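Everything on this sheet refers to the single structure shown next.
Remember, predicted model here, so these are calculated numbers, not experimental data. Counting convention: from 1, in listed order, for ligands and their atoms alike. Each residue takes its place number in the sequence, starting with 1.
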Amino acid sequence: MEQPADLLALAVSVARAAGDLANRMRADGVDAVATKSTATDVVTAADRAVERLVRDKLKEARPGDVVFGEEFGGGQERAAVRWILDPIDGTVNYLYNIPVYAVSLAAEVDGQVVAGVVLNAATGREWTATRGGGAFCGGRRLRVTGETDLGQALVGTGFGYAAERRLHQARVLLGLIGHVRDVRRIGAASIDLCLVAEGALDAYYEKGLNPWDHAAGGLVAAEAGALVTGLDGNPPGADMVIAAPPALHPHLHDLLSKLDASGGP
Ligand code: LIP
């Protein structure tokens with residue numbers, strides 16, 4: 001039986017090596033080397049190099065496992081553990097040298113994420129969690145806020161790489177912004193989810209995320225007491241990821257559902 005604490009220890013050591021590489025390449029200067037879904041969905045040489053390094057280190061430590069990563073995909077074969085990897089979450093922040101980008105690595109066993117680490121490579125801030133074992137940052141156990149009033153809630157969100165999607169997300173934001181304290185657009189879903197976990201945000205929601213954007217951060221938020229869901233009974237996924245304390249979640253959920261937040265392009 002795979003021990004989540006052992007998988008976490010491996011994830012943390014691999015993420016730290018990955019963060020160091022991301023920082024070295026950042027110091028050498030970063031250029032977009034290609035684009036993916038749209039002209040603004042960039043990939044840098046560091047995204048690819050960091051993913052290769054993580055894959056090599058995981059193969060060395062646990063040859064039988066598989067890796068599902070943002071840049072090279074994979075991870076569809078059966079294995080005791082599937083690692084879900086975003087080598088640099090917040091690639092646009094990385095490109096612009098905004099110190100909010102992360103190595104996000106989660107271990108999945110039998111379809112369930114059991115361990116995860118999110119490491120902000122620029123600041124060294126590291127959030128970790130194991131299923132049933134709680135969420136931590138800097139040795140401190142994390143707890144979501146006790147906010148119950150949506151009108152007092154500081155809410156994080158994000159926008160996609162396709163203009164039509166951003167227009168839909170902006171319409172949703174227009175319908176939401178008068179009902180909350182304020183909004184933050186931080187630019188890295190994995191970090192947004194960890195900020196909910198540590199109470200630096202009251203809640204977060206975003207449409208269009210991939211599993212690598214929310215696998216590790218979602219466990220950190222859940223282990224800190226957040227409800228991490230989709231809309232209308234769906235699990236967190238491409239249509240919607242919402243993370244909020246139990247007392248706040250239904251209010252945010254119902255408003256987003258009314259605003260058709262998981263709809264549009
Ligand atoms: C990013 C997400 C962010 C979202 C961006 C992008 P990437 O992931 O972390 O929340 O708003 O559009 O998807 O592309 O930097 O790995």
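- Each of Val33, Val30, Ile88 was compared with Asp47 under the side chain to side chain contact (heavy atoms under 4.5 Å, CB included) criterion, and only Ile88 meets it.
- For residues 185-237, every residue pair satisfying the ring pair (Phe, Tyr, Trp, His ring centres under 6.0 Å) rule, not counting sequence neighbours, is listed here: Phe68-Trp212.
- For residues 244-253, the pairs satisfying side-chain hydrogen bond (donor to acceptor under 3.5 Å, both in side chains) are Thr229-His249, with sequence neighbours left out.
- A continuous path of Ile, Leu, Val, Met, Phe, Trp and Tyr side chains, each step under 4.5 Å between heavy atoms, connects Val54 with Leu10, placing both in one hydrophobic cluster.
- Using modelled atom types, one finds a donor on one side chain and an acceptor on the other under 3.5 Å when comparing Trp127 with Glu198.
- Every atom of ligand 1 with a heavy atom of Glu70 under 4.0 Å away is listed here by number and element: 14 (O), 16 (O).
- Contact annotation for Arg185 and ligand 1: only side-chain heavy atoms (C-beta onward) come within less than 4.0 Å of the ligand.
- Below 4.0 Å from some heavy atom of Ala189 lie the following atoms of ligand 1, by number and element: 2 (C), 3 (C), 9 (O), 10 (O).
- For a threshold of 3.5 Å applied to N or O pairs, the pair formed by Trp212 and ligand 1 contains no separation below that value.
- Of the candidates Thr157, Leu255, Leu150, Leu255 is the only one forming a side chain to side chain contact (heavy atoms under 4.5 Å, CB included) with Leu176.
- Counting heavy atoms under 4.0 Å from ligand 1, residue Asp213 touches it through the side chain alone.
- Some N or O of Gly90 is nearer than 3.5 Å to an N or O of ligand 1, by distance alone.
- For atom 6 (C) of ligand 1, the nearest protein heavy atom (residue, atom name, distance) is Tyr161 OH, 3.6 Å.
- In terms of polar-atom proximity, defined here as any N/O pair under 3.5 Å, Phe159 does make such a contact with ligand 1.
- Residue Leu209 has no N or O atom closer than 3.5 Å to an N or O atom of ligand 1.
- Checked by distance only, ligand 1 and Asp86 come closer than 3.5 Å through their nitrogen or oxygen atoms.
- Nearest protein neighbour of atom 4 (C) of ligand 1, counting heavy atoms only, is Glu206 OE2, 3.0 Å.
- Atom 9 (O) of ligand 1 has as its closest protein heavy atom Asp89 OD1, 2.6 Å.
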